[in-house]
Each structure stands twice: as structure tokens, then as C-alpha cells.
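Per chain, numbering begins at 1; letters A, B, ... match sequence-line order.
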Number of protein chains: 2
Amino acid sequence: MLDVAERLVQVRGFNGFSYADIARELGITKASLHYHFPGKAELGEALIHRYAARFGEALTEIDRDIAGPRAKLDAYVAIYSNVLSEGRMCLCGILAAEYATLPDPMREAVTRFFAANETWLAAVLSEGQADGSLAIRGSLVDASEMILSGLEGAMLISRTSDEPARFSTAAQGLLDTLTP
Amino acid sequence: MLDVAERLVQVRGFNGFSYADIARELGITKASLHYHFPGKAELGEALIHRYAARFGEALTEIDRDIAGPRAKLDAYVAIYSNVLSEGRMCLCGILAAEYATLPDPMREAVTRFFAANETWLAAVLSEGQADGSLAIRGSLVDASEMILSGLEGAMLISRTSDEPARFSTAAQGLLDTLTP
DNA sequence: GTCTATAGGCAGATAGAC
DNA sequence: GTCTATCTGCCTATAGAC
């Protein structure tokens, strides 16, 4: 159920799907869905928490399995690429667009997701700066924000285009600006 | 009426407002709105066309009044900053997030808007490359896509944060990557 | 151009049986 | 946990008077 809802949000947005859509795909009724999540707000919160947790695990795996700041950044971009390959937007990216219409708990969860990503990015950039493999102009925080923004924006725009490679070229161009 | 609708879309998204919202703000009835635009799809199309036309004029003014590629890019970023200062997202940026739910004519208009922006950006970058004031890695098209994506993404993310300066620092960082 | 009135449908949500 | 049945409210949209 969360899988179906997640996909619907990532493709159509939080205001672009209904309980009826989920119910139809699962072959159950809307009423059954309300048993698991009393309201759409609670469902939304659960979706973000699960997504953020999974994302956090992926970042931990990168830290554990991949050596070298640039390789870590490439792996980070690969996470986004995988999401996009299914026609999906980043869950929190699409929720950011609908931010003004979201209930408070969802807003806070979205904000936390971005903050966590920037913290991780800043650590990788710091590592790259220390070993000389990356050249960062300005502060680490600003550079992290720029990368996160650039990737979210590239996902957003590339979904309006019919060129699937578009995201990858934009993302690579972004990372290449960090090459000494 | 278009002004009110435009603001509602930019703040809440196309699926996040209704005819009733516009009617309430204008002090008229929903039925009156249908006289001007038979359906929401037609209203949406009109909004994009007007927005794109206004944007195109702003780009023409930049070309006419501002000398130097970097100064032109700064002026380009300033357009985005002004939009964001009112808590709004770029109209086509927020529509890109809802792309899967949009009627075909709106999709095409959004796609054209981005293409026009990239064409303009590529011309400015080309000028900067020719006079040596900008250093572009990779193709002009790729660099243009990166800038457009970066700005749209920075708008998207900065609206989830309470730091108003966030967009500007990300945008400046993006442009600074083009400094020789 | 704007109104009243209303249609028809779908939204999120609840009660209560099984 | 899932169902049927139902509610209330809002959605887009239309007909027809002024």
C-alpha cells in the first residue's frame, strides 16, 4: 500500500491522487485504507518517513562501501537516476512544490529530509576538500545546497523532456564543476 | 483574474487551487469565471502563454539594456529572485512538478518555455565563451540546462526553508562556477 | 459580464457488519 | 482487516435570467 501511494505521489503529486486511486490498484476499498491511515495527512507523513529512512540507509551504504569523495557523489547521483528512470520525481522534491498545501507535520518532515541530505553532502565535500580531490568555491554548506538544488531541479525539468539522458548530463556537469 | 490565478498556481500548484478560490478573491462567482475560460485547462494554457510572453520580453530587455554575459546572467537570476520574494515558485517550474496530471496543451507550453530559456541562456554563454568572460565546461547546451535546472531547483528547495537568502547564495554559487 | 441555481461527480472520511 | 453503505463537502461545469 505504501509502495503504491509512494509511486502515485512521485508521479502525480500529493494533490494529484486520491484514496480511490490506491484502492483501485490494490483491489480493495477506500474504507480499508482508512483503517491503516486515518487520513491522507498521516499517510503522507508515513511516506516521507519511510522514504527518508531508506534514503538515509542508502547514504550509510555509500559511506561504508565506496571510497573517494567523487565516487561517493557519483553514487549519490545514481540514487536520483534510479528514481527518475521510473518516471518518478524525488518524493520530497515533488512535495516541496506543493509545500504551501501540505499539513505542518509533512512540511517539517520534508525540510528535515533536505537538511539531512545537505549534512551528508557537506561531509563528503569536506573530505574531498581535505584530500584535494575536489575544489569547492565558497562554503561547504553553500556548495551542498547547490548540488542538492541542482539535482532536484534537473529531475524536475527532465521529466518535461523526452530525452532520458538529460538528467545525467546535467548532473555530471554539476559534479564536474567540483573537479580541480 | 489572470493575476489572481497565476499567484494561486505559483504558490499552491495547479492542483492546489479551485475556481472558488479565484472567485472569492475577486468577489465574483465561479460561473462568471467560466464565461472567460470555459475550463481549468484553458485557464492554465492562458496563464502559461502570458507568463512565457512576459518572460520573453524580460529577456529581450536584458539583451537590449545590459552589456556583458555575466551581468546578463545576474539579471536573469534577478528575475527568479523577484518571483521567489513573493513566496512564489516559477509558474512553469511548479507545473513541471505536476506534469503527469496536466492536459496536453499545457504540457507542450511548459516544455516550450524551458526550451526558450535554454536557447537564450546558450546564446549568452556563447557570447561569454567568445569574449573569454565565461569558462564553460562541456557543451553550451549542457551548461544551459545545468543553469536552468539549478535555478528551478534552488527555488523549489528554498521555499521549504525559512532562510530567504538561500536562493541567492545557491544561484550565485552556480554562476560562479562559470568564472574563468 | 455577472448573477442564481443546479447538475453530476469525486474528494476525504465514518459507522457498523462480517 | 476488509467490506457495504453512506455522509458531507467541494470540485468543475452548465443553463438560463438579468
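- Between A/Asp131 and A/Arg70, no side-chain nitrogen of the basic residue sits less than 4.0 Å from a carboxylate oxygen of the acidic one, so the salt-bridge criterion is not met.
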In B/S/- notation (B base, S sugar-phosphate only, - none; protein heavy atoms under 4.0 Å), nucleotides 12-18 of chain C written 5' to 3' is BBBB---

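- In this structure, CG of A/Asn15 is placed 15 Å from C1' of C/dC10, rounded to the nearest angstrom.
- With no hydrogens or angles considered, no side-chain donor-acceptor pair links A/Ser161 and A/Ser158 at under 3.5 Å.
- Residue A/Thr29 places at least one side-chain N or O closer than 4.0 Å to OP1 or OP2 of D/dC3.
- What separates CG of A/Leu26 from P of D/dT2 is a distance of 9 Å, to the nearest Å.
- Rounded to an integer number of Å, the gap from A/Leu8 CG to C/dA11 P is 12 Å.
- Electrostatic pairing of A/Arg54 and A/Glu6 counts as a salt bridge here, judged by a charged N lying under 4.0 Å from a carboxylate O.
- Following rounding to the nearest Å, B/His36 (NE2) and C/dG1 (P) show an atom-to-atom distance of 6 Å.
- Both A/Leu140 and B/Leu174 sit in one connected hydrophobic cluster of ILVMFWY residues. Membership requires side-chain heavy atoms under 4.5 Å apart, directly or through other members.
- In this structure, B/Lys40 is not positioned above the aromatic face of B/Tyr19 in the sense of NZ or CZ being under 6.0 Å from the six-membered ring centre and within 45° of the axis.
- Summarising the geometry, the separation between CG on B/Leu43 and P on D/dC11 is reported as 14 Å, rounded to the nearest angstrom.
- Within residues 97-106 of chain A, no residue has a heavy atom under 4.0 Å from DNA chain D.
- Without hydrogens or angle criteria, A/Glu98 side chain to B/Arg12 main chain gives no donor-acceptor distance under 3.5 Å.
- Between the side chains of A/Ser85 and A/Tyr80, no donor N or O sits under 3.5 Å from an acceptor N or O.
- B/Tyr35 has its OH atom 16 Å from the P atom of D/dA15, to the nearest Å.
- Legend: residues meeting salt bridge (charged side-chain N to carboxylate O under 4.0 Å, His left out) with A/Arg137, ordered by chain and number and at least two apart, are absent.
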